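A short worksheet on the structure shown next.
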Amino acid sequence: MSKIPYTGKTPGARQPVRPVSADPLAPAQESYATENPLLEDPDALAARLAESEDFVRRNRNVLLGILVVVVAAIAGAFGYNYWRTEQNTQAENAMFKAVDYWEADSLNKAMKGDGKHPGLAKVVTEYSSTKTGNLASFYAGVAALKEGKFQEAYNYLDKFSSNDYLVQSRAYSLMGDAKLELNQPKEAAELYAKAADHNANDYFSPGYVLKEGVALEAAKDNAGALKAYDRILNDYATSQEAAEARQRKAALGQ
């Protein structure tokens with residue numbers, strides 16, 4: 001005879017016994033809890049709804065004010081994003097011809113425009129909050145530097161920022177060039193160091209460190225210059241700048 005596993009569903013199996021009251025005349029008690037008492041008690045549910053309606057009635061103005069603020073905030077966010085997109089598109093259209101002049105080395109037209117198209121200076125001023133306006137600051141800074149307008153170049157480049165570490169490092173270095181031309185070698189050296197340390201790499205950092213050393217020499221800080229040259233020789237020994245760093249170190253008597 002085969003054996004059948006004995007389970008709760010097996011015929012003849014003992015069924016769970018509910019607790020029995022000590023009083024045989026008392027109604028049977030259920031052993032489980034009601035999941036939601038409000039659903040089991042219509043009077044309690046009606047009372048709760050009445051309380052909610054009363055709360056809304058008493059705080060109607062406050063709740064309406066909160067709703068208006070939330071809706072206004074959402075609409076404002078959508079409106080601002082749309083405005084920024086439109087502004088950036090207008091800035092790109094305005095900057096297109098200026099970049100052509102910039103690439104052709106027609107720097108005056110690139111900066112001031114040609115009478116029909118605005119120049120970089122206007123794009124920077126009118127669209128400063130856009131990505132294109134930010135990029136225009138870089139172009140304008142380079143153009144001003146080439147024209148010998150060093151303070152103006154520094155001011156434009158100081159407005160520029162980029163997530164591309166190579167471009168941002170380049171901007172710091174150009175700002176250093178402007179400061180060096182303004183006879184502020186100590187400030188120039190700080191900017192060159194900033195360029196070198198901004199995601200330091202073997203390709204561009206040695207050149208920035210070399211510029212730092214030259215600027216420190218101009219600032220009569222020979223100890224600082226030697227430190228910069230030693231950094232090149234120790235950290236970038238195979239770079240092209242290593243030979244010049246060695247020569248400059250020797251010229252300083254080291």
Side-chain angles (χ1 to χ4, degrees), residues 66-182 184 187-201 203-205 207-208 211-212:
I66 294 173
L67 179 61
V68 169
V69 170
V70 171
V71 172
I74 295 173
F78 276 110
Y80 178 70
N81 289 332
Y82 176 78
W83 175 81
R84 285 200 64 179
T85 301
E86 286 297 303
Q87 284 286 98
N88 197 61
T89 300
Q90 292 177 23
E92 289 176 351
N93 294 334
M95 187 176 166
F96 181 78
K97 192 62 179 178
V99 173
D100 281 347
Y101 286 128
W102 187 89
E103 292 176 344
D105 240 12
S106 299
L107 300 180
N108 189 56
K109 288 184 177 180
M111 289 295 293
K112 298 179 179 179
D114 58 7
K116 292 177 62 179
H117 305 90
L120 294 169
K122 189 173 182 179
V123 174
V124 171
T125 302
E126 294 189 0
Y127 303 101
S128 59
S129 63
T130 67
K131 292 181 180 179
T132 302
N134 177 59
L135 185 59
S137 295
F138 182 86
Y139 279 104
V142 175
L145 195 62
K146 288 182 177 181
E147 289 185 310
K149 300 175 181 178
F150 304 118
Q151 186 60 55
E152 187 176 316
Y154 177 86
N155 292 341
Y156 277 124
L157 291 166
D158 193 37
K159 296 177 182 178
F160 173 75
S161 63
S162 175
N163 293 328
D164 186 316
Y165 71 88
L166 294 179
V167 176
Q168 186 62 66
S169 296
R170 178 62 174 160
Y172 290 144
S173 178
L174 291 170
M175 290 167 69
D177 293 345
K179 284 293 186 181
L180 197 60
E181 293 291 348
L182 290 168
Q184 299 175 26
E187 291 82 352
E190 291 173 354
L191 286 162
Y192 292 138
K194 195 172 182 179
D197 293 335
H198 190 68
N199 287 287
N201 59 87
Y203 298 100
F204 298 101
S205 292
Y208 297 144
K211 283 189 168 188
E212 178 191 0

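Since this is a predicted model, take the numbers as computed values, not measurements. Basis for what follows: all heavy atoms, side chains included, without hydrogens, waters or symmetry-related copies.
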Take L174 and F138, measure what side-chain contact (heavy atoms from CB on, under 4.5 Å) needs, and give me the verdict at the end.
-> CA-CA 10 Å; L174 291 170; F138 182 86; 4.1 Å; yes

Side chains of D177 and K211 in contact at under 4.5 Å (non-hydrogen atoms) | yes

Indicate the atoms forming the closest heavy-atom contact of Q168 with S161, along with that distance.
-> OE1-CA, 3.1 Å

Could you verify whether a donor N or O on one side chain and an acceptor N or O on the other, from Q151 and N155, lie under 3.5 Å apart?
-> yes

Just wondering, do V167 and F160 contact through their side chains at under 4.5 Å, heavy atoms?
-> yes

Hey, could you give me the CD/CD distance between E152 and E147, rounded to the nearest 0.5 Å?
-> 7.5 Å

Nearest-0.5 Å distance that lies between atom CE in M95 and atom CG in L135 = 4.0 Å

4.5 Å side-chain heavy-atom contact, H117 and D114 | yes

Please tell me if the side chains of N201 and Y165 come closer than 4.5 Å, counting only heavy atoms from C-beta onward.
-> yes

Could you point out which residue of W102, Y101, F96 forms a ring pair (Phe, Tyr, Trp, His ring centres under 6.0 Å) with Y139?
-> W102

Between A136 and V123, what is the shortest heavy-atom contact and its length?
-> CB-CG1, 3.7 Å

What is the minimum heavy-atom distance between A188 and G176, and which atoms define it?
-> CB-O, 3.3 Å

Give the minimum heavy-atom separation between A189 and E212, together with the two atoms involved.
-> O-CG, 3.7 Å

Is there a donor-acceptor contact under 3.5 Å from the side chain of D100 to the main chain of E103?
-> no

Using the benzene-type ring in the case of Trp, are the ring centres of Y192 and Y208 under 6.0 Å apart?
-> no

Could you tell me whether the side chain of V124 reaches within less than 4.5 Å of the side chain of K159, counting heavy atoms only?
-> yes

Over-ring placement of K179 relative to Y154, 6.0 Å and 45° cut-offs = yes

Would you give the length of the straight line joining atom CG of L191 to atom CD of Q184, rounded to the nearest 0.5 angstrom?
-> 10.0 Å

Decide yes or no for T132 and Y127: does some side-chain heavy atom of the first lie under 4.5 Å from some side-chain heavy atom of the second?
-> no

Are the side chain of S106 and the backbone of K109 linked by a donor-acceptor contact shorter than 3.5 Å?
-> no

One should read off an interatomic distance between M111 CE and K149 NZ, to the nearest 0.5 angstrom, of 6.5 Å

Of all the heavy-atom pairs spanning D105 and K146, show the shortest one and how long it is.
-> OD1-NZ, 3.7 Å

Write down the atom of A200, the atom of S205, and the distance for their closest heavy-atom approach.
-> CA-OG, 3.3 Å

Tell me, do N199 and L166 make a side-chain contact under 4.5 Å, heavy atoms counted?
-> no

Looking at CZ of R170 and OG of S162, how far apart are the two atoms once the value is rounded to the nearest 0.5 Å?
-> 13.5 Å

